[in-house]
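One structure below.
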Amino acid sequence: MKFKKVILVMTAAALVFGMSGCGGSAGASEESGKAQESKAASSEVVEVTIPTYLAGENVGAKFFLPEVERFNKKYEGKYKINIEEVPQASYAEKIKQLAQQKKLPALVHSAGSGGIDVQWFKDVAVANDMAYDLSDFLNSHPDTKKNLVPESIDYCTVDGKVVCMPIAVLKPIGLFYNSSLYQDEKDIKDMSMEEFLESLEENKFAFQTADNGWTTGLLLSALVASQEGGIELIQKYADDKLYDYTDPAILNAVTELQKLFQTNAASNSIGAAYADAANAFMSNNAAIICNGSWMSSEFEEASKDKWSNGFDGANVKATIYPGDVALVNPRIYGEFWVANTASEEEKELACAFLEFRDSQEEIEALMLAEGGVAPSITYSEEFKKKQEETPILSQLSASITDNTKYAVSLYDVMPSSVADIEFGKLLPKLADQSLTPEQFCQELTKKAEEAK
(Lines give C-alpha, C1' and ligand atoms only; values in the text may rest on other atoms or scores of the structure.)
Protein backbone atom coordinates (compact mmCIF):
# COMPACT_ATOMS: atom_id res chain seq x y z
CA MET A 1 0.00 0.00 0.00
CA LYS A 2 2.81 2.45 0.87
CA PHE A 3 4.56 1.52 -2.36
CA LYS A 4 1.43 2.49 -4.32
CA LYS A 5 1.27 5.84 -2.55
CA VAL A 6 4.92 6.53 -3.43
CA ILE A 7 4.12 5.84 -7.07
CA LEU A 8 1.19 8.25 -6.88
CA VAL A 9 3.37 10.99 -5.42
CA MET A 10 6.00 10.44 -8.09
CA THR A 11 3.32 10.59 -10.76
CA ALA A 12 1.95 13.82 -9.37
CA ALA A 13 5.46 15.33 -9.25
CA ALA A 14 6.05 14.38 -12.87
CA LEU A 15 2.84 16.10 -13.86
CA VAL A 16 3.92 19.28 -12.04
CA PHE A 17 7.24 19.42 -13.85
CA GLY A 18 5.63 18.58 -17.15
CA MET A 19 3.11 21.42 -16.87
CA SER A 20 5.84 23.89 -15.84
CA GLY A 21 7.80 22.99 -18.96
CA CYS A 22 4.70 23.75 -21.08
CA GLY A 23 4.45 27.23 -19.63
CA GLY A 24 1.87 26.63 -16.82
CA SER A 25 2.32 28.48 -13.53
CA ALA A 26 4.04 26.54 -10.74
CA GLY A 27 1.20 27.27 -8.28
CA ALA A 28 -1.51 26.09 -10.64
CA SER A 29 0.51 23.01 -11.53
CA GLU A 30 1.04 22.13 -7.88
CA GLU A 31 -2.68 22.44 -7.12
CA SER A 32 -3.54 20.34 -10.17
CA GLY A 33 -1.03 17.68 -9.17
CA LYS A 34 -2.42 17.49 -5.64
CA ALA A 35 -5.95 17.22 -6.96
CA GLN A 36 -5.01 14.35 -9.26
CA GLU A 37 -3.13 12.57 -6.47
CA SER A 38 -6.12 12.95 -4.15
CA LYS A 39 -8.49 11.63 -6.81
CA ALA A 40 -6.26 8.63 -7.54
CA ALA A 41 -5.82 7.81 -3.87
CA SER A 42 -9.56 8.01 -3.18
CA SER A 43 -10.28 5.59 -6.02
CA GLU A 44 -8.03 2.91 -4.55
CA VAL A 45 -9.98 -0.13 -3.37
CA VAL A 46 -8.65 -2.00 -0.35
CA GLU A 47 -8.84 -5.62 -1.43
CA VAL A 48 -8.13 -8.80 0.54
CA THR A 49 -8.38 -12.51 -0.16
CA ILE A 50 -9.43 -14.77 2.70
CA PRO A 51 -9.12 -18.55 2.70
CA THR A 52 -12.34 -20.11 4.02
CA TYR A 53 -13.97 -23.50 4.30
CA LEU A 54 -17.41 -21.81 4.18
CA ALA A 55 -17.52 -22.27 0.44
CA GLY A 56 -18.38 -24.92 -2.13
CA GLU A 57 -20.56 -27.68 -0.69
CA ASN A 58 -20.06 -26.64 2.94
CA VAL A 59 -23.46 -26.02 4.52
CA GLY A 60 -22.23 -22.70 5.94
CA ALA A 61 -21.52 -21.38 2.45
CA LYS A 62 -25.21 -20.86 1.78
CA PHE A 63 -25.28 -17.83 4.07
CA PHE A 64 -21.64 -16.75 4.25
CA LEU A 65 -20.91 -16.27 0.54
CA PRO A 66 -23.97 -14.08 -0.13
CA GLU A 67 -23.09 -12.12 3.01
CA VAL A 68 -19.64 -11.37 1.60
CA GLU A 69 -21.33 -10.26 -1.64
CA ARG A 70 -23.62 -7.94 0.34
CA PHE A 71 -20.60 -6.45 2.11
CA ASN A 72 -18.75 -5.94 -1.18
CA LYS A 73 -21.79 -4.23 -2.66
CA LYS A 74 -22.23 -1.93 0.33
CA TYR A 75 -18.57 -0.88 0.22
CA GLU A 76 -18.16 -0.97 -3.54
CA GLY A 77 -15.25 1.26 -4.53
CA LYS A 78 -13.79 1.16 -1.03
CA TYR A 79 -13.42 -2.44 0.20
CA LYS A 80 -13.56 -5.83 -1.48
CA ILE A 81 -13.25 -9.35 -0.05
CA ASN A 82 -12.25 -12.20 -2.36
CA ILE A 83 -12.82 -15.82 -1.37
CA GLU A 84 -10.27 -18.64 -1.59
CA GLU A 85 -12.03 -21.97 -1.10
CA VAL A 86 -10.15 -24.38 1.19
CA PRO A 87 -11.43 -27.84 2.24
CA GLN A 88 -12.34 -27.86 5.92
CA ALA A 89 -9.93 -30.71 6.59
CA SER A 90 -7.04 -28.64 5.20
CA TYR A 91 -7.89 -25.24 6.62
CA ALA A 92 -6.10 -25.46 9.98
CA GLU A 93 -2.85 -26.66 8.41
CA LYS A 94 -2.95 -23.86 5.84
CA ILE A 95 -3.43 -21.22 8.55
CA LYS A 96 -0.59 -22.64 10.65
CA GLN A 97 1.74 -22.55 7.65
CA LEU A 98 0.75 -18.96 6.84
CA ALA A 99 1.30 -18.03 10.49
CA GLN A 100 4.84 -19.44 10.35
CA GLN A 101 5.50 -17.45 7.19
CA LYS A 102 3.96 -14.30 8.73
CA LYS A 103 1.52 -14.20 5.81
CA LEU A 104 -1.79 -14.62 7.60
CA PRO A 105 -4.88 -13.31 5.79
CA ALA A 106 -6.56 -10.26 7.31
CA LEU A 107 -9.48 -12.37 8.53
CA VAL A 108 -8.97 -15.82 10.06
CA HIS A 109 -11.62 -18.27 11.24
CA SER A 110 -11.64 -18.61 14.99
CA ALA A 111 -10.21 -21.39 17.10
CA GLY A 112 -12.65 -24.22 17.55
CA SER A 113 -13.74 -24.01 13.90
CA GLY A 114 -12.14 -25.31 10.73
CA GLY A 115 -9.94 -27.63 12.79
CA ILE A 116 -8.01 -24.76 14.40
CA ASP A 117 -7.08 -25.98 17.86
CA VAL A 118 -7.92 -23.68 20.75
CA GLN A 119 -4.62 -24.55 22.39
CA TRP A 120 -2.69 -23.59 19.26
CA PHE A 121 -4.54 -20.29 19.15
CA LYS A 122 -3.67 -19.59 22.79
CA ASP A 123 -0.09 -20.87 22.74
CA VAL A 124 0.94 -19.62 19.30
CA ALA A 125 -1.36 -16.93 17.91
CA VAL A 126 -2.17 -15.07 21.12
CA ALA A 127 1.16 -15.68 22.84
CA ASN A 128 3.03 -14.29 19.83
CA ASP A 129 0.74 -11.28 19.40
CA MET A 130 -0.59 -12.51 16.04
CA ALA A 131 -4.16 -11.47 16.87
CA TYR A 132 -5.10 -7.81 16.52
CA ASP A 133 -6.63 -6.31 19.67
CA LEU A 134 -10.26 -5.47 18.89
CA SER A 135 -10.82 -3.54 22.13
CA ASP A 136 -10.61 -0.07 20.58
CA PHE A 137 -12.80 -1.14 17.69
CA LEU A 138 -15.54 -2.44 20.00
CA ASN A 139 -15.34 0.51 22.38
CA SER A 140 -15.65 2.93 19.47
CA HIS A 141 -18.59 0.98 18.02
CA PRO A 142 -21.04 0.64 20.94
CA ASP A 143 -23.92 -0.24 18.60
CA THR A 144 -21.98 -3.32 17.53
CA LYS A 145 -20.70 -4.26 20.98
CA LYS A 146 -24.18 -4.21 22.55
CA ASN A 147 -25.29 -6.93 20.10
CA LEU A 148 -22.69 -9.43 21.33
CA VAL A 149 -23.08 -12.22 23.88
CA PRO A 150 -21.48 -11.08 27.20
CA GLU A 151 -20.07 -14.53 28.02
CA SER A 152 -18.33 -14.61 24.65
CA ILE A 153 -16.89 -11.12 25.14
CA ASP A 154 -15.46 -12.29 28.45
CA TYR A 155 -14.02 -15.46 26.93
CA CYS A 156 -12.48 -13.57 24.00
CA THR A 157 -10.75 -11.10 26.32
CA VAL A 158 -7.20 -12.21 27.20
CA ASP A 159 -5.04 -9.98 29.40
CA GLY A 160 -7.24 -7.03 28.58
CA LYS A 161 -7.14 -7.62 24.82
CA VAL A 162 -10.10 -8.78 22.75
CA VAL A 163 -8.29 -11.31 20.58
CA CYS A 164 -11.32 -12.62 18.69
CA MET A 165 -14.62 -11.14 17.60
CA PRO A 166 -17.20 -12.43 20.12
CA ILE A 167 -20.38 -14.11 18.92
CA ALA A 168 -23.77 -12.43 18.64
CA VAL A 169 -25.85 -15.53 17.87
CA LEU A 170 -26.16 -18.69 19.93
CA LYS A 171 -27.29 -21.76 18.00
CA PRO A 172 -28.76 -24.28 20.44
CA ILE A 173 -28.58 -27.71 18.84
CA GLY A 174 -31.35 -30.27 19.08
CA LEU A 175 -32.70 -32.81 16.62
CA PHE A 176 -35.06 -33.23 13.70
CA TYR A 177 -37.55 -36.07 13.39
CA ASN A 178 -39.78 -37.30 10.61
CA SER A 179 -43.31 -37.26 12.03
CA SER A 180 -44.51 -39.67 9.34
CA LEU A 181 -42.16 -42.31 10.79
CA TYR A 182 -41.67 -41.46 14.46
CA GLN A 183 -44.69 -40.52 16.57
CA ASP A 184 -45.28 -40.28 20.29
CA GLU A 185 -47.79 -38.62 22.55
CA LYS A 186 -45.10 -36.71 24.43
CA ASP A 187 -42.66 -34.17 23.03
CA ILE A 188 -39.16 -35.67 22.99
CA LYS A 189 -37.83 -32.88 25.20
CA ASP A 190 -40.41 -33.75 27.88
CA MET A 191 -39.24 -37.37 28.05
CA SER A 192 -36.36 -38.79 30.02
CA MET A 193 -33.60 -40.26 27.88
CA GLU A 194 -34.72 -43.74 28.93
CA GLU A 195 -38.31 -43.02 27.82
CA PHE A 196 -37.10 -41.63 24.52
CA LEU A 197 -34.93 -44.63 23.68
CA GLU A 198 -37.79 -46.99 24.54
CA SER A 199 -40.13 -44.99 22.29
CA LEU A 200 -37.89 -45.47 19.26
CA GLU A 201 -38.98 -49.04 18.56
CA GLU A 202 -37.74 -49.74 14.99
CA ASN A 203 -37.01 -46.13 14.09
CA LYS A 204 -33.45 -45.32 13.04
CA PHE A 205 -30.94 -42.56 13.67
CA ALA A 206 -29.04 -40.99 10.77
CA PHE A 207 -25.59 -41.64 12.22
CA GLN A 208 -22.23 -40.90 10.65
CA THR A 209 -18.75 -42.17 11.49
CA ALA A 210 -16.66 -40.47 8.81
CA ASP A 211 -15.12 -37.02 9.12
CA ASN A 212 -15.81 -35.79 12.65
CA GLY A 213 -18.80 -38.08 13.23
CA TRP A 214 -20.95 -34.97 13.70
CA THR A 215 -24.51 -36.33 13.90
CA THR A 216 -23.36 -39.21 16.11
CA GLY A 217 -21.27 -37.01 18.40
CA LEU A 218 -24.26 -34.77 19.06
CA LEU A 219 -26.37 -37.68 20.26
CA LEU A 220 -23.47 -38.93 22.38
CA SER A 221 -23.27 -35.45 23.94
CA ALA A 222 -26.99 -35.63 24.79
CA LEU A 223 -26.48 -39.11 26.24
CA VAL A 224 -23.67 -37.78 28.46
CA ALA A 225 -25.89 -34.88 29.54
CA SER A 226 -28.58 -37.37 30.59
CA GLN A 227 -26.20 -39.18 32.97
CA GLU A 228 -25.93 -38.25 36.62
CA GLY A 229 -23.30 -35.52 36.85
CA GLY A 230 -22.88 -35.52 33.06
CA ILE A 231 -23.78 -31.88 32.42
CA GLU A 232 -21.62 -30.74 35.31
CA LEU A 233 -18.69 -32.81 34.04
CA ILE A 234 -18.57 -31.34 30.55
CA GLN A 235 -19.55 -27.82 31.65
CA LYS A 236 -16.48 -27.88 33.88
CA TYR A 237 -14.28 -28.08 30.80
CA ALA A 238 -16.06 -25.45 28.69
CA ASP A 239 -13.07 -23.08 28.98
CA ASP A 240 -10.34 -25.70 29.06
CA LYS A 241 -10.22 -29.01 27.26
CA LEU A 242 -11.17 -32.43 28.62
CA TYR A 243 -8.37 -35.00 28.43
CA ASP A 244 -9.86 -37.91 30.40
CA TYR A 245 -12.88 -39.71 28.91
CA THR A 246 -13.08 -42.60 31.37
CA ASP A 247 -15.55 -40.93 33.73
CA PRO A 248 -18.64 -43.14 34.36
CA ALA A 249 -20.95 -40.51 32.81
CA ILE A 250 -19.07 -40.76 29.51
CA LEU A 251 -18.54 -44.52 29.69
CA ASN A 252 -22.26 -45.14 30.29
CA ALA A 253 -23.17 -42.85 27.39
CA VAL A 254 -20.72 -44.61 25.06
CA THR A 255 -22.16 -47.97 26.14
CA GLU A 256 -25.65 -46.76 25.23
CA LEU A 257 -24.40 -45.44 21.89
CA GLN A 258 -22.86 -48.79 20.99
CA LYS A 259 -26.22 -50.48 21.67
CA LEU A 260 -27.96 -47.98 19.42
CA PHE A 261 -25.51 -48.73 16.62
CA GLN A 262 -26.69 -52.35 16.79
CA THR A 263 -30.43 -51.64 17.02
CA ASN A 264 -31.33 -48.18 15.75
CA ALA A 265 -28.68 -47.04 13.29
CA ALA A 266 -29.46 -46.35 9.63
CA SER A 267 -28.02 -49.08 7.42
CA ASN A 268 -25.39 -46.78 5.90
CA SER A 269 -24.09 -45.43 9.24
CA ILE A 270 -20.67 -47.09 9.34
CA GLY A 271 -18.44 -45.12 7.00
CA ALA A 272 -21.08 -42.46 6.46
CA ALA A 273 -20.02 -38.84 6.03
CA TYR A 274 -22.42 -36.00 6.79
CA ALA A 275 -23.89 -36.06 3.28
CA ASP A 276 -24.67 -39.77 3.71
CA ALA A 277 -26.36 -39.21 7.05
CA ALA A 278 -28.43 -36.35 5.60
CA ASN A 279 -29.36 -38.53 2.64
CA ALA A 280 -30.49 -41.35 4.95
CA PHE A 281 -32.81 -38.94 6.72
CA MET A 282 -34.11 -37.31 3.53
CA SER A 283 -34.84 -40.67 1.91
CA ASN A 284 -36.96 -42.07 4.77
CA ASN A 285 -34.20 -44.50 5.75
CA ALA A 286 -33.82 -42.81 9.14
CA ALA A 287 -36.45 -41.11 11.29
CA ILE A 288 -34.16 -38.92 13.39
CA ILE A 289 -31.08 -36.80 12.75
CA CYS A 290 -29.19 -34.74 15.31
CA ASN A 291 -28.11 -31.43 13.83
CA GLY A 292 -28.20 -27.68 14.21
CA SER A 293 -30.95 -25.36 13.08
CA TRP A 294 -28.98 -24.49 9.93
CA MET A 295 -30.21 -27.76 8.39
CA SER A 296 -33.80 -26.47 8.34
CA SER A 297 -33.44 -25.07 4.81
CA GLU A 298 -32.94 -28.63 3.55
CA PHE A 299 -36.59 -29.36 4.35
CA GLU A 300 -38.03 -26.52 2.30
CA GLU A 301 -39.57 -27.00 -1.15
CA ALA A 302 -36.58 -25.31 -2.76
CA SER A 303 -34.43 -28.27 -1.67
CA LYS A 304 -36.77 -31.06 -2.73
CA ASP A 305 -34.29 -32.21 -5.37
CA LYS A 306 -32.38 -33.73 -2.42
CA TRP A 307 -35.40 -35.76 -1.26
CA SER A 308 -36.13 -39.31 -2.33
CA ASN A 309 -38.12 -42.42 -1.49
CA GLY A 310 -41.27 -40.44 -0.66
CA PHE A 311 -39.64 -38.08 1.84
CA ASP A 312 -41.55 -34.84 2.45
CA GLY A 313 -39.89 -31.97 4.28
CA ALA A 314 -43.28 -30.83 5.58
CA ASN A 315 -43.26 -33.85 7.88
CA VAL A 316 -40.06 -32.80 9.65
CA LYS A 317 -40.35 -31.46 13.19
CA ALA A 318 -37.70 -29.92 15.44
CA THR A 319 -37.14 -30.11 19.16
CA ILE A 320 -34.37 -30.34 21.74
CA TYR A 321 -33.08 -33.39 23.60
CA PRO A 322 -34.76 -35.51 26.27
CA GLY A 323 -34.60 -34.01 29.72
CA ASP A 324 -35.23 -30.53 28.23
CA VAL A 325 -31.57 -30.21 27.19
CA ALA A 326 -30.13 -28.06 24.40
CA LEU A 327 -26.51 -28.15 23.33
CA VAL A 328 -24.91 -24.72 23.24
CA ASN A 329 -21.78 -23.03 24.54
CA PRO A 330 -21.72 -19.23 24.90
CA ARG A 331 -18.12 -19.23 26.16
CA ILE A 332 -16.43 -19.62 22.83
CA TYR A 333 -14.32 -17.58 20.48
CA GLY A 334 -16.41 -15.93 17.79
CA GLU A 335 -16.11 -16.70 14.12
CA PHE A 336 -13.16 -14.54 13.08
CA TRP A 337 -10.02 -12.85 14.36
CA VAL A 338 -7.95 -10.20 12.64
CA ALA A 339 -4.27 -10.79 11.89
CA ASN A 340 -1.87 -8.26 13.40
CA THR A 341 0.32 -8.56 10.31
CA ALA A 342 -2.42 -7.02 8.16
CA SER A 343 -1.83 -3.47 6.96
CA GLU A 344 -3.76 -0.63 8.59
CA GLU A 345 -6.05 -0.46 5.56
CA GLU A 346 -6.68 -4.20 5.70
CA LYS A 347 -7.46 -4.00 9.42
CA GLU A 348 -9.97 -1.25 8.67
CA LEU A 349 -11.59 -3.49 6.06
CA ALA A 350 -11.65 -6.45 8.47
CA CYS A 351 -13.25 -4.38 11.23
CA ALA A 352 -15.79 -2.98 8.77
CA PHE A 353 -16.73 -6.55 7.85
CA LEU A 354 -17.09 -7.54 11.51
CA GLU A 355 -19.26 -4.48 12.13
CA PHE A 356 -21.34 -5.39 9.07
CA ARG A 357 -21.76 -9.03 10.17
CA ASP A 358 -22.94 -8.04 13.63
CA SER A 359 -25.40 -5.38 12.60
CA GLN A 360 -28.96 -6.20 13.64
CA GLU A 361 -29.96 -6.65 10.01
CA GLU A 362 -27.30 -9.29 9.35
CA ILE A 363 -27.83 -11.00 12.71
CA GLU A 364 -31.52 -11.40 11.97
CA ALA A 365 -30.77 -12.57 8.42
CA LEU A 366 -28.44 -15.22 9.85
CA MET A 367 -31.08 -16.46 12.28
CA LEU A 368 -33.68 -16.64 9.50
CA ALA A 369 -31.26 -18.71 7.42
CA GLU A 370 -29.69 -20.90 10.11
CA GLY A 371 -31.75 -20.45 13.26
CA GLY A 372 -30.43 -19.54 16.67
CA VAL A 373 -31.07 -16.87 19.26
CA ALA A 374 -29.48 -13.47 19.79
CA PRO A 375 -29.89 -12.83 23.52
CA SER A 376 -28.49 -9.29 23.42
CA ILE A 377 -30.83 -7.78 20.84
CA THR A 378 -34.54 -6.94 20.69
CA TYR A 379 -35.93 -8.56 17.57
CA SER A 380 -37.61 -6.41 14.95
CA GLU A 381 -41.29 -7.03 14.17
CA GLU A 382 -40.35 -7.88 10.59
CA PHE A 383 -37.98 -10.57 11.84
CA LYS A 384 -40.65 -12.09 14.10
CA LYS A 385 -43.09 -12.32 11.21
CA LYS A 386 -40.54 -13.89 8.88
CA GLN A 387 -39.45 -16.40 11.52
CA GLU A 388 -43.03 -17.63 11.79
CA GLU A 389 -42.93 -18.40 8.07
CA THR A 390 -40.37 -21.14 8.80
CA PRO A 391 -42.21 -23.61 11.06
CA ILE A 392 -39.14 -25.67 11.91
CA LEU A 393 -37.20 -22.68 13.21
CA SER A 394 -40.26 -21.57 15.16
CA GLN A 395 -40.62 -25.04 16.68
CA LEU A 396 -37.00 -25.14 17.77
CA SER A 397 -37.20 -21.64 19.21
CA ALA A 398 -40.43 -22.48 21.07
CA SER A 399 -38.93 -25.67 22.51
CA ILE A 400 -36.40 -23.60 24.46
CA THR A 401 -37.90 -22.15 27.63
CA ASP A 402 -36.70 -20.74 30.94
CA ASN A 403 -36.54 -24.33 32.23
CA THR A 404 -34.27 -25.57 29.46
CA LYS A 405 -30.89 -26.86 30.59
CA TYR A 406 -27.92 -25.89 28.46
CA ALA A 407 -25.00 -28.25 28.00
CA VAL A 408 -21.86 -27.92 25.95
CA SER A 409 -21.28 -30.69 23.44
CA LEU A 410 -18.31 -33.03 23.47
CA TYR A 411 -17.04 -31.12 20.44
CA ASP A 412 -16.66 -28.07 22.69
CA VAL A 413 -14.46 -29.88 25.22
CA MET A 414 -12.41 -32.18 23.00
CA PRO A 415 -9.05 -30.91 21.71
CA SER A 416 -9.68 -29.82 18.11
CA SER A 417 -7.58 -32.61 16.59
CA VAL A 418 -9.62 -35.16 18.53
CA ALA A 419 -12.96 -33.55 17.73
CA ASP A 420 -12.23 -33.10 14.02
CA ILE A 421 -10.24 -36.26 13.26
CA GLU A 422 -9.61 -38.87 15.96
CA PHE A 423 -13.18 -39.18 17.28
CA GLY A 424 -14.46 -40.03 13.81
CA LYS A 425 -11.67 -42.55 13.28
CA LEU A 426 -12.63 -44.42 16.45
CA LEU A 427 -16.40 -44.48 15.87
CA PRO A 428 -16.48 -47.31 13.27
CA LYS A 429 -14.64 -49.55 15.74
CA LEU A 430 -17.21 -48.80 18.41
CA ALA A 431 -20.03 -49.36 15.92
CA ASP A 432 -18.77 -52.75 14.71
CA GLN A 433 -17.77 -53.73 18.27
CA SER A 434 -14.06 -53.96 17.48
CA LEU A 435 -13.68 -51.78 20.56
CA THR A 436 -15.57 -52.18 23.81
CA PRO A 437 -16.96 -48.98 25.34
CA GLU A 438 -14.15 -49.11 27.90
CA GLN A 439 -11.51 -49.42 25.17
CA PHE A 440 -13.12 -46.64 23.14
CA CYS A 441 -12.97 -44.28 26.12
CA GLN A 442 -9.36 -45.26 26.80
CA GLU A 443 -8.36 -44.65 23.18
CA LEU A 444 -10.14 -41.30 23.20
CA THR A 445 -8.26 -40.36 26.35
CA LYS A 446 -4.97 -41.44 24.77
CA LYS A 447 -5.59 -39.31 21.67
CA ALA A 448 -6.55 -36.33 23.84
CA GLU A 449 -3.36 -36.64 25.90
CA GLU A 450 -1.31 -36.77 22.71
CA ALA A 451 -2.93 -33.49 21.63
CA LYS A 452 -1.64 -31.59 24.68
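Computed from a prediction, not measured in an experiment: that's the story for all the values here.
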Self-check item: Reported CD-to-CD distance for the pair Gln97 and Gln101, which is rounded to 0.5 angstrom
Solution: 6.5 Å
Quiz item: Relative to the ring of Trp294, is the ring of Trp214 parallel (under 30°), tilted (30 to 60°) or perpendicular (over 60°)?
Solution: tilted
Quiz prompt | Exam field: side chain Ser269 to backbone Ala265, donor-acceptor pair closer than 3.5 Å | solution = no
Quiz item: If every non-hydrogen atom of Val118 is compared with every non-hydrogen atom of Ala111, which pair is closest and at what distance?
Solution: CA-CB, 3.8 Å
Quiz item: Between Lys386 and Glu389, does at least one N-O distance fall below 4.0 Å, as a salt bridge requires?
Solution: no
Quiz item: Tell me, do Glu67 and Phe356 make a side-chain contact under 4.5 Å, heavy atoms counted?
Solution: yes
Quiz item: Are the ring centres of Trp307 and Phe299 closer than 6.0 Å?
Solution: no
Practice problem: Give a yes or no answer on whether the side chain of Ser152 reaches the backbone of Ile167 with a donor-acceptor pair at less than 3.5 Å. | Solution: yes
Practice problem: Have a look at Phe205 and tell me which of Thr215, Thr263, Leu200 forms a side chain to side chain contact (heavy atoms under 4.5 Å, CB included) with it. | Solution: Leu200
Quiz item: Do the rings of Tyr53 and His109 sit parallel, tilted or perpendicular, given the 30° and 60° boundaries?
Solution: tilted
Quiz prompt | Test side-chain hydrogen bond (donor to acceptor under 3.5 Å, both in side chains) applied to Ser199 and Tyr182, step by step | solution = CA-CA 9 Å; Ser199 75; Tyr182 172 83; 2.7 Å; yes
Practice problem: Find the distance between CG (Leu98) and NZ (Lys96) and round it off to the nearest 0.5 Å. | Solution: 12.5 Å
Exercise. Using a strict cut-off of less than 4.0 Å between a Lys/Arg side-chain nitrogen and an Asp/Glu carboxylate oxygen, indicate whether Glu301 and Lys304 qualify as a salt bridge.
Key: yes
Practice problem: Please lay out, stage by stage, how Lys347 and Glu344 fare under the test salt bridge (Lys or Arg N to Asp or Glu O under 4.0 Å). | Solution: CA-CA 5 Å; Lys347 287 174 183 174; Glu344 289 305 312; 3.8 Å; yes
Quiz item: Taking atom CD of Glu361 as the centre, does the number of heavy atoms from other residues, nucleotides or ligands within less than 6.0 Å exceed 12?
Solution: no
Exercise. Report, as yes or no, whether the 6.0 Å neighbourhood of atom CD on Glu194 holds more than 12 heavy atoms from other residues, nucleotides or ligands.
Key: no
Quiz item: Rounded to the nearest 0.5 Å, what separation is found between the OG1 atom of Thr157 and the CG atom of Asp133?
Solution: 8.5 Å
Practice problem: Can you measure from CZ (Phe196) to CG (Asp187) and round to the nearest 0.5 angstrom? | Solution: 10.5 Å
Quiz item: Where do Pro375 and Ala168 come nearest, in terms of heavy atoms and distance?
Solution: CD-O, 4.0 Å
Quiz prompt | Trace of the salt bridge (Lys or Arg N to Asp or Glu O under 4.0 Å) decision for Glu370 with Lys62 | solution = CA-CA 9 Å; Glu370 299 183 356; Lys62 187 173 289 189; over 6 Å; no
Practice problem: Mind checking the CD-CG spacing from Glu85 to Leu65? Nearest 0.5 Å is all I need. | Solution: 8.5 Å
Self-check item: Heavy-atom donor-acceptor pair, Ser343 side chain to Glu346 backbone, under 3.5 Å
Solution: yes
Self-check item: Heavy-atom check, side chain of Thr404 versus side chain of Val325, under 4.5 Å
Solution: no
Practice problem: Measure centre to centre between the rings of Phe137 and Tyr132, then say whether the value is under 6.0 Å. | Solution: no
Quiz prompt | Salt bridge present between Lys189 and Asp324 (N-O < 4.0 angstrom) | solution = yes
Quiz item: Do other residues, nucleotides or ligands put more than 12 heavy atoms under 6.0 Å from the CG atom of Asp159?
Solution: no
Exercise. Examine distances only and state if a side-chain atom of Asp184 and a backbone atom of Lys186 form a donor-acceptor pair shorter than 3.5 Å.
Key: yes
Exercise. Look at the rings of Phe261 and Phe207 and say which category their plane angle falls in: under 30° parallel, 30 to 60° tilted, over 60° perpendicular.
Key: tilted
Quiz item: Any chance the rings of Phe121 and Tyr333 have centres within less than 6.0 Å?
Solution: yes
Quiz item: Distance-only, no hydrogens or angles: does the Glu76 side chain make a donor-acceptor pair with backbone N or O of Asn72 under 3.5 Å?
Solution: no
Practice problem: Taking the side chain as every heavy atom from C-beta outward, state whether Leu242 and Ile250 have any atom pair closer than 4.5 Å. | Solution: yes
Quiz item: Counting N and O atoms only, with roles assigned by atom type, does the side chain of Tyr245 sit under 3.5 Å from a partner on the main chain of Cys441, one being a donor and the other an acceptor?
Solution: no
Exercise. Look at the rings of Tyr79 and Tyr75 and say which category their plane angle falls in: under 30° parallel, 30 to 60° tilted, over 60° perpendicular.
Key: tilted
Exercise. Run the numbers on Val149 and Leu170 for side chain to side chain contact (heavy atoms under 4.5 Å, CB included), then give the verdict.
Key: CA-CA 8 Å; Val149 176; Leu170 296 175; 4.2 Å; yes
Quiz item: Are side-chain N/O atoms of Asn285 and Lys204 paired as donor and acceptor at under 3.5 Å?
Solution: no
Exercise. List the steps, then state whether side chain to side chain contact (heavy atoms under 4.5 Å, CB included) holds for Val408 with Leu327.
Key: CA-CA 5 Å; Val408 302; Leu327 300 178; over 6 Å; no
Quiz item: What do you reckon, is CG of Asp402 surrounded by more than 12 foreign heavy atoms closer than 6.0 Å?
Solution: no
Quiz item: Which heavy atom in Gly292 sits nearest to a heavy atom in Phe176, and how many Å separate them?
Solution: O-CE1, 3.3 Å
Quiz item: Regarding Asp276 and Gln208, is there a side-chain donor-to-acceptor distance under 3.5 Å anywhere?
Solution: no
Quiz prompt | Check: Tyr406/Asn329 side-chain N/O donor and acceptor closer than 3.5 Å | solution = no
Practice problem: List the atom of Asn268, the atom of Ala280, and the distance in Å for their closest heavy-atom pair. | Solution: OD1-CB, 3.7 Å
Quiz item: Using 4.0 Å as the upper bound for N to carboxylate O, is an ion pair formed by Lys384 and Glu381?
Solution: yes
Self-check item: Note, Met193 side chain near Leu223 side chain (heavy atom, < 4.5 Å)
Solution: yes
Practice problem: Show your working on salt bridge (Lys or Arg N to Asp or Glu O under 4.0 Å) between Lys145 and Glu355 and close with a plain yes or no. | Solution: CA-CA 9 Å; Lys145 187 175 182 178; Glu355 179 186 12; over 6 Å; no
Quiz item: Any donor and acceptor pair, going by atom type alone, linking the side chain of Ser221 with main-chain N or O of Gly217 inside 3.5 Å?
Solution: yes
Exercise. List the atom of Ala286, the atom of Ala266, and the distance in Å for their closest heavy-atom pair.
Key: CB-CB, 4.1 Å
Practice problem: With rounding to the nearest 0.5 Å, note down the distance linking CG in Asn279 to CD in Glu298. | Solution: 11.0 Å
Practice problem: Would you check if there is a donor-acceptor pair between the side chains of Asn284 and Asn178 at a distance under 3.5 Å? | Solution: yes
Exercise. Please determine if Lys161 and Asp129 form a salt bridge, counting it only when a charged side-chain N lies under 4.0 Å from a carboxylate O.
Key: yes
Quiz item: Between Thr49 and Ile83, is there a donor-acceptor pair closer than 3.5 Å when you use the side chain of the first and the backbone of the second?
Solution: no
Quiz item: Relative to Tyr243, does Lys452 satisfy both conditions: NZ or CZ under 6.0 angstrom from the six-membered ring centre, and within 45 degrees of the ring's axis?
Solution: yes
Quiz item: What orientation do Phe440 and Phe423 show, parallel under 30°, tilted 30 to 60°, or perpendicular over 60°?
Solution: perpendicular
Practice problem: Using the six-membered ring of Phe63, assess whether NZ or CZ of Arg70 lies under 6.0 Å from its centre and within 45 degrees of the ring axis. | Solution: yes
Quiz prompt | Test item: side-chain donor near acceptor, Thr319 and Gln395, under 3.5 Å | solution = no
Self-check item: Distance-minimising heavy-atom pair for Asn147 and Gln360
Solution: ND2-N, 3.9 Å
Quiz item: Hey, does the side chain of Asn264 reach the backbone of Leu260 with a donor-acceptor pair shorter than 3.5 angstrom?
Solution: no
Quiz prompt | Any donor-acceptor pair under 3.5 Å from Lys405 side chain to Gly323 backbone | solution = yes
